[in-house]
Peer 1: 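Quick one: structure below, then a few questions.
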8 protein chains.
Amino acid sequence: MDIDKLLDQYKNKEISKKQVKERIALLQLEELEGQARIDTMREDRIGLPEAILGDGKEPEVFIEIMKKMADKKGRSIGTRVTKKQKQLLKQKKGKYELEWYEKARIAVLKTRKHQKPKEGKIGVICAGTADIQVAEEARVTAELLGCEAHKAYDVGVAGIHRLLPVLKKYSEKNIQALIVAAGRDGSLPPVVAGITDIPVIGLPVSTGYGAGGNGEAALLSMLQSCSILTVVNIDAGFTAGAMAAKITKT
Amino acid sequence: MDIDKLLDQYKNKEISKKQVKERIALLQLEELEGQARIDTMREDRIGLPEAILGDGKEPEVFIEIMKKMADKKGRSIGTRVTKKQKQLLKQKKGKYELEWYEKARIAVLKTRKHQKPKEGKIGVICAGTADIQVAEEARVTAELLGCEAHKAYDVGVAGIHRLLPVLKKYSEKNIQALIVAAGRDGSLPPVVAGITDIPVIGLPVSTGYGAGGNGEAALLSMLQSCSILTVVNIDAGFTAGAMAAKITKT
Amino acid sequence: MDIDKLLDQYKNKEISKKQVKERIALLQLEELEGQARIDTMREDRIGLPEAILGDGKEPEVFIEIMKKMADKKGRSIGTRVTKKQKQLLKQKKGKYELEWYEKARIAVLKTRKHQKPKEGKIGVICAGTADIQVAEEARVTAELLGCEAHKAYDVGVAGIHRLLPVLKKYSEKNIQALIVAAGRDGSLPPVVAGITDIPVIGLPVSTGYGAGGNGEAALLSMLQSCSILTVVNIDAGFTAGAMAAKITKT
Amino acid sequence: MDIDKLLDQYKNKEISKKQVKERIALLQLEELEGQARIDTMREDRIGLPEAILGDGKEPEVFIEIMKKMADKKGRSIGTRVTKKQKQLLKQKKGKYELEWYEKARIAVLKTRKHQKPKEGKIGVICAGTADIQVAEEARVTAELLGCEAHKAYDVGVAGIHRLLPVLKKYSEKNIQALIVAAGRDGSLPPVVAGITDIPVIGLPVSTGYGAGGNGEAALLSMLQSCSILTVVNIDAGFTAGAMAAKITKT
Amino acid sequence: MDIDKLLDQYKNKEISKKQVKERIALLQLEELEGQARIDTMREDRIGLPEAILGDGKEPEVFIEIMKKMADKKGRSIGTRVTKKQKQLLKQKKGKYELEWYEKARIAVLKTRKHQKPKEGKIGVICAGTADIQVAEEARVTAELLGCEAHKAYDVGVAGIHRLLPVLKKYSEKNIQALIVAAGRDGSLPPVVAGITDIPVIGLPVSTGYGAGGNGEAALLSMLQSCSILTVVNIDAGFTAGAMAAKITKT
Amino acid sequence: MDIDKLLDQYKNKEISKKQVKERIALLQLEELEGQARIDTMREDRIGLPEAILGDGKEPEVFIEIMKKMADKKGRSIGTRVTKKQKQLLKQKKGKYELEWYEKARIAVLKTRKHQKPKEGKIGVICAGTADIQVAEEARVTAELLGCEAHKAYDVGVAGIHRLLPVLKKYSEKNIQALIVAAGRDGSLPPVVAGITDIPVIGLPVSTGYGAGGNGEAALLSMLQSCSILTVVNIDAGFTAGAMAAKITKT
Amino acid sequence: MDIDKLLDQYKNKEISKKQVKERIALLQLEELEGQARIDTMREDRIGLPEAILGDGKEPEVFIEIMKKMADKKGRSIGTRVTKKQKQLLKQKKGKYELEWYEKARIAVLKTRKHQKPKEGKIGVICAGTADIQVAEEARVTAELLGCEAHKAYDVGVAGIHRLLPVLKKYSEKNIQALIVAAGRDGSLPPVVAGITDIPVIGLPVSTGYGAGGNGEAALLSMLQSCSILTVVNIDAGFTAGAMAAKITKT
Amino acid sequence: MDIDKLLDQYKNKEISKKQVKERIALLQLEELEGQARIDTMREDRIGLPEAILGDGKEPEVFIEIMKKMADKKGRSIGTRVTKKQKQLLKQKKGKYELEWYEKARIAVLKTRKHQKPKEGKIGVICAGTADIQVAEEARVTAELLGCEAHKAYDVGVAGIHRLLPVLKKYSEKNIQALIVAAGRDGSLPPVVAGITDIPVIGLPVSTGYGAGGNGEAALLSMLQSCSILTVVNIDAGFTAGAMAAKITKT
């Protein structure tokens, strides 16, 4: 290591005290690379790569980034993958193994097996057809991060009676974190968090129209909830799934 | 009534046909007093005077308007009456009879008895202490407009089980319109409207803080509701109560 | 019923008191299915199914949901049905009977006749061509829910004189609820509610451009109205129509 | 005037041509004093000084600015003058003549008489007590700028019949510009502009509460009006009055 | 007139007093057609028809409305006419005469000559290429309403020196109203209104991107102007032009 | 407990099977008292009572609610307690034991000892003096719910070097959930979540002024974070603390 | 120059003093051409032409403006040039020399060489692929304005360790201004400005979705920054680059 | 200094090489005190301490922080200091030297002389009395950071002619950065940046009322400016002043 040599030179009077000090100052600013290494190890250890947002990227660019990340981490996760991106990915997957999750619009490129035992248990709840895509993005994300991820997609505030058996089942299964997706009025997460002990993550979905549409009413409603819950951004299924997975590992 | 007298005079030849016509033209085109009178008759019949908003008015000005309206209509209704306005009203009520509704902050000045049989039945529901003032403004308004107005103020989404017995009771009583007041996340009205057949008016209350506070999340949430409900402005207890009363009279 | 058997077993000492209690607790949480049944009966009774929003759904998915709902309820109502959805629906309606309302963009799929006597009477008013689609969505909805639904689509604030004869006619016909649709400045509903006794539902329409465009000014203007009216979300024709129908049944 | 003297000196050969040119260049590019003077003359001619906004200024500062402006222009106009400012102004008016307009909260300090014949005619309309202060600010401003300024403060959309006789009277008086002040839903200006030929300036007032309160709904509603009208900012009575005065002078 | 006959019948005892009163009440509510007639005459007299907004309407529907209005008023004005609408209009203009204003995107359908002497004079100013379309919509509108309408489209705040000669020229021509169109920062109208005596109408244009884009910053900036000006909605060229024309006729 | 007694009576043949069933049906459908009881048991078990928001309540009302809740649950937690409320609480605490947390503005009223072993471990981080009150509300809440709650209040993005040692220490202590409070630009939570494995709850604080002030920028910034974190409402210290405690118990 | 002639004529008594004064007044108000000329010289000197925004303009119009500007200034800069515009520009560049910057979407048309020595040094930093286009627009702009413009596009808050070496390098190179582009949470510019002495310009990018998406959170976050930085509008790469270039020339 | 002593001890063989290395590692990785020191040195060198925002802090707390910072840095700068804070600061300044800037509301506490030669030159421009406080905050800040800071506070868009001589003077003085403060419509900074070569920092001020009030219109207008300028948050005088100072030192 440099510092050894530096001190030797200083002792041998090859360099002055001022030079030692300058050199150490450089190390302080520059060689925080040690910290960088720790960072990389952390990512490998918990398997929490950044998601690569497909929507809005040119298919070629998207695939290039997916492959680069897969090379670096052994696996890359693409979210909100468009039809065109999916097709091109299938055509040009080359040496990589491709996993495709249709409803969640998630693509996974892998260079090697990811044999992860199911460590944690999470549950995803949503009210109806409009919220399923985002809910699935959350659920699949949690699964990819090593969770057993349950779902119940036919529950709604308008039919509150369908909710209780689900929560009972989740409670019996020792679910550790609950993602509740809801668009429009966003009433479901506050109701769920008012009934269950399991930590609830509210996931607003960009449904609805008019005032408060595109998930805005749902987001505000969840932020204002009297019941205890935390919230992610509108349509942020990946964040919700990854946070749920993190909670199961604490 | 003028028109009677006019026609009598015409018949008795005290005035000419031209004079009758001129007088009627005046009524129609210039003064439109006829329409005004019809308007007045309508207000007397359904007892739906404008509310006089107390909050923000100087006490003296407020009382002067209250008295003028009471003179014209036999009764005036002041809403969001401040403490100072209430005190001055008590001191200076003069020949008028004063009714005071503490929680609703409503003051009524009357010149004559308003003996109205209870014609319709409405119910008011809210979740807790923070919403009671506005809920009471709605309930008392409906009562002043001739309704039997029930209340249930200890119901909340977090304790959904307290809601069902209330709705069952209201259904048995043949309540014709339901006002559901809610602040913060505004989840209660969508939940109620998803369960009951009674028409629901959502009444957002200006509680809550941070993003979506002051009733904004509640309003948007109600506008986005999948269940069928209509909405009034934030804290518009008088409007909600008056609309509920109107519904019972259809 | 289980509870009988349970109590027999307890009496016969086949199970302990603790076991009885546990079993009852399960019934409380789990078997609220009785309530669910009541709920289903309610929907059949008042004929108020959820609307299936066409706009934004893939045609195949939309039709699949329409059919599933029609199987369950005997009838399904699709709103904001796009041209593509309409065409596919016509091609693939199979065993179902299809009703199509062109201006309202509403499709109805039926498995059996819905012979409903016209029970209530509602009226729909709007100012001009831009608001007709949403107004028709409201009117047809009310009709589908068993109302006689009148319309007057040539009334505007700029020509206030066209409004009075309409209100007079509606008053004579004993209309029980009035839907007033308006875009841009949304002035019509406050004006109407200031003249008539019939309960008014304001229906903001997403016309207009610039500041307050897309129905925002209309919505806020209606919420701020001094006259008594309640409001639904921008373009929420189905909600307005269904609420009007509910009011006629109180 | 400098330029006179300059040319005299040049003619008298006291200064060279180059010196004249330099001096003129200075006038143009550096000082642009000529333009400044023209500017001053313009203000004197049309009597349109800047208003000095009282509200928010420390009384001493406010009075100091009022006096400085009065010295420069012969007259200064203070708007939204607070009670404290008014009192101090009365105590310390010194050599200046003070005019005070109670309802409009306008103070005028003068060093000399402003004998201006009434040149134009404008009218101000508002719906009720809540809008009078701002309406008066507009009306008094127009008066101070030399207009005959009429008012009608008991007109509202809810009682549309009170509006027609006012407009008829204004039309007969050849009113050249109309200011229509309205808070809450702001429906009055579109209605007025839909009936009359007189140019209408919409003046939103910061009344109302909840969504769209503080004049926001009124402003947006006026901007969205189908009838022809222009708009000033919320509570901008001075601007409305000054614009109306400008219109009468075209 | 009916009223004569009515009174005759009453005098002749052919009808009762009650019948007379009922008949008069009908006249009051129903037959405000007299007022309607006045309204129509007004529109013919000042030539201020409603504009028919092309953008967003199906070409067939648009043309149908254009023709109906032309039949009723002798002329109809379509604004923001799309290319498709323009083409169809040319193909299917039938018996009507078509005027087309390319830059303003305005189409006029006429059944008869509109020989209107140029009565008033207005000027339109804008900063650059991005604002010309909306500025032209305003200018052509004023022209169609009988004004001599000048333009200066190369003036901007960044080059303030180009502005003064324009204002000087307009002043010499006795321009009576000035429309100043500006997008992005909207600085031009306040600057213009600070220099000239002519009444200024600020016309915000939906240019700009990011925060305050689409004309929002321009609108707010004009509403906040210290100089005296009134404002129309973003892109509301027709309203600005029509208001300017109204001002010239006061 | 009722159900015990009921079953005893049944066994002892004091009541019939039919009576038992009726009684149980009542519990389920009408009163749902069973569920209520379960609910109560849940609250006792996890010690998660509702917080009583002090700010905005009249001191007398606040204290009354605090006592009622303490009677029911053995302990009540008041948040954002004002100085007046604190003083009155001290004077009138009566039989209850009062705990007061100065910086967190939290008051606890107790009827009996709450001897809870420290079960979980959470950490709270904030940037500086402006955020401490809200951070303390979160920390004390977690402590009251049985957590060992650490704090580090001198960490900021501007001095990123102060952050690393804190995270290192928290990692060594096996902290299970991290609350990161930040006002103004809200940069701290994304930075922290980008470094550590511990689940991060972002807590926006209502500091800052101008655009995005009052916590709005902080909230949006956290919602947009690329790092994995969930968010609570602005200033919602209680929610953050309670959620962190919930996570430690999964 | 005119003024010479004018003074000659005056001296020779060919024109009166009044005529001289009038003529000078005209020069002051009308021509101000001197100022205009200075303005043109300024633009040539600092080489800071207006950018011509491509996006949203018809290709033909865009190219016409580009050529006109190139004729006037010797060079024109088109930003956010679309693919169609680029292609047409290549086909129809005629006598002009075309420079094309792919990532920055910038096109330069030139009539003559622009041999500008690299005068200043600026640096551009961004976090990842999503921000590169806007970052490049800024960088290329600065280069076109005569700067040596460095870039570092792989730096992000989530990996703060990659940032320090970059800043160290920039510091050693004596970079005079730093543009930091960031979308979503916009955390990078505050972090950078908290570490370095170089003036930082925050450049928000319209990435992100949901609440605060499209660059809004990034903009607000930068405005709220505790570290010292200034901000340009969302996606305003040209402004950022030009400002950085201006700073290097102070 | 520690590192000196450390190296001395090492040279004198009082400590081993391993001990030196451990000690240095501690500095780098654990404590990062080295970086903190560098950071401190940076702050001393450019004299850019954090400002301590007075407004909103309890006077005692404010003074305590001021003193702590002064102890650490030799000087502390308090901004937006309230009257109460100023008074208490005067009473309790103890051993510190207090500088007070009345208009800027800035307080400086010093333990030792700050004899800084005036290194850079900046200018501050604003339109009138309402903006002076914030403009002064910027100017005094730049002065405290070692700049010669000029001011011109009587310049406004409405009187554009007062602006040119100021810019000419600033240009002659080689001002390196210009802060232009403006409230309401914020037109001044775009106008200034369109004329001068000096880099302009727009400083929006929270004046104005109604729509776009409190500095919002000013901020958006500056962000949308076609001229080249960067912007700080509303009322962020300190940031503007510090950024200007930074620019002069590049």
Peer 1: In Å, rounded to the nearest 0.5 Å, how long is the span from CG of B/L229 to OG1 of C/T239?
Peer 2: 8.0 Å

Peer 1: Which residues pass the side-chain contact (heavy atoms from CB on, under 4.5 Å) test with C/K169, sequence neighbours left out?
Peer 2: C/K173

Peer 1: Other residues, nucleotides and ligands only: do more than 12 of their heavy atoms fall within 6.0 Å of CD on B/E99?
Peer 2: yes

Peer 1: Could you list the donor-acceptor pairs under 3.5 angstrom formed by side chains in residues 136-143 of chain B, with sequence neighbours left out?
Peer 2:
from   : atom 1 : to     : atom 2 : distance (Å)
B/E136 : OE1    : B/R139 : NH2    : 3.2
B/E136 : OE2    : B/R139 : NE     : 2.7
B/E136 : OE2    : B/Y153 : OH     : 2.7
B/E137 : OE2    : B/F238 : N      : 3.1
B/R139 : NH1    : B/E143 : OE2    : 2.8
B/R139 : NH1    : B/A149 : O      : 3.4
B/T141 : OG1    : B/E137 : O      : 2.6

Peer 1: What part of B/L219 is in contact with chain C, defined as an atom under 4.5 angstrom from a non-hydrogen atom: side chain, backbone, both or neither?
Peer 2: side chain

Peer 1: Between C/P199, C/S225, C/A177, C/A236, which has the largest tally of heavy atom pairs under 4.5 Å with chain B?
Peer 2: C/P199

Peer 1: Counting heavy-atom pairs closer than 4.5 Å to chain C, which one of B/T248, B/I234, B/V200 comes out on top?
Peer 2: B/V200

Peer 1: C/M222, C/K121, C/Q224: which one forms the most heavy-atom pairs within less than 4.5 Å of chain B?
Peer 2: C/Q224

Peer 1: For C/I247, which atoms come within 4.5 Å of any heavy atom of chain B: side chain, backbone, both, or neither?
Peer 2: both

Peer 1: Of the non-hydrogen atoms in B/I201 and C/T230, which two are nearest, and what is the gap between them?
Peer 2: CG2-CG2, 4.0 Å

Peer 1: Calculate, to the nearest 0.5 Å, the distance between atoms NZ and CG belonging to C/K246 and B/L178 respectively.
Peer 2: 9.0 Å

Peer 1: Below 4.5 Å from any heavy atom of chain B, which atoms of C/I175 appear? Answer side chain, backbone, both or neither.
Peer 2: neither

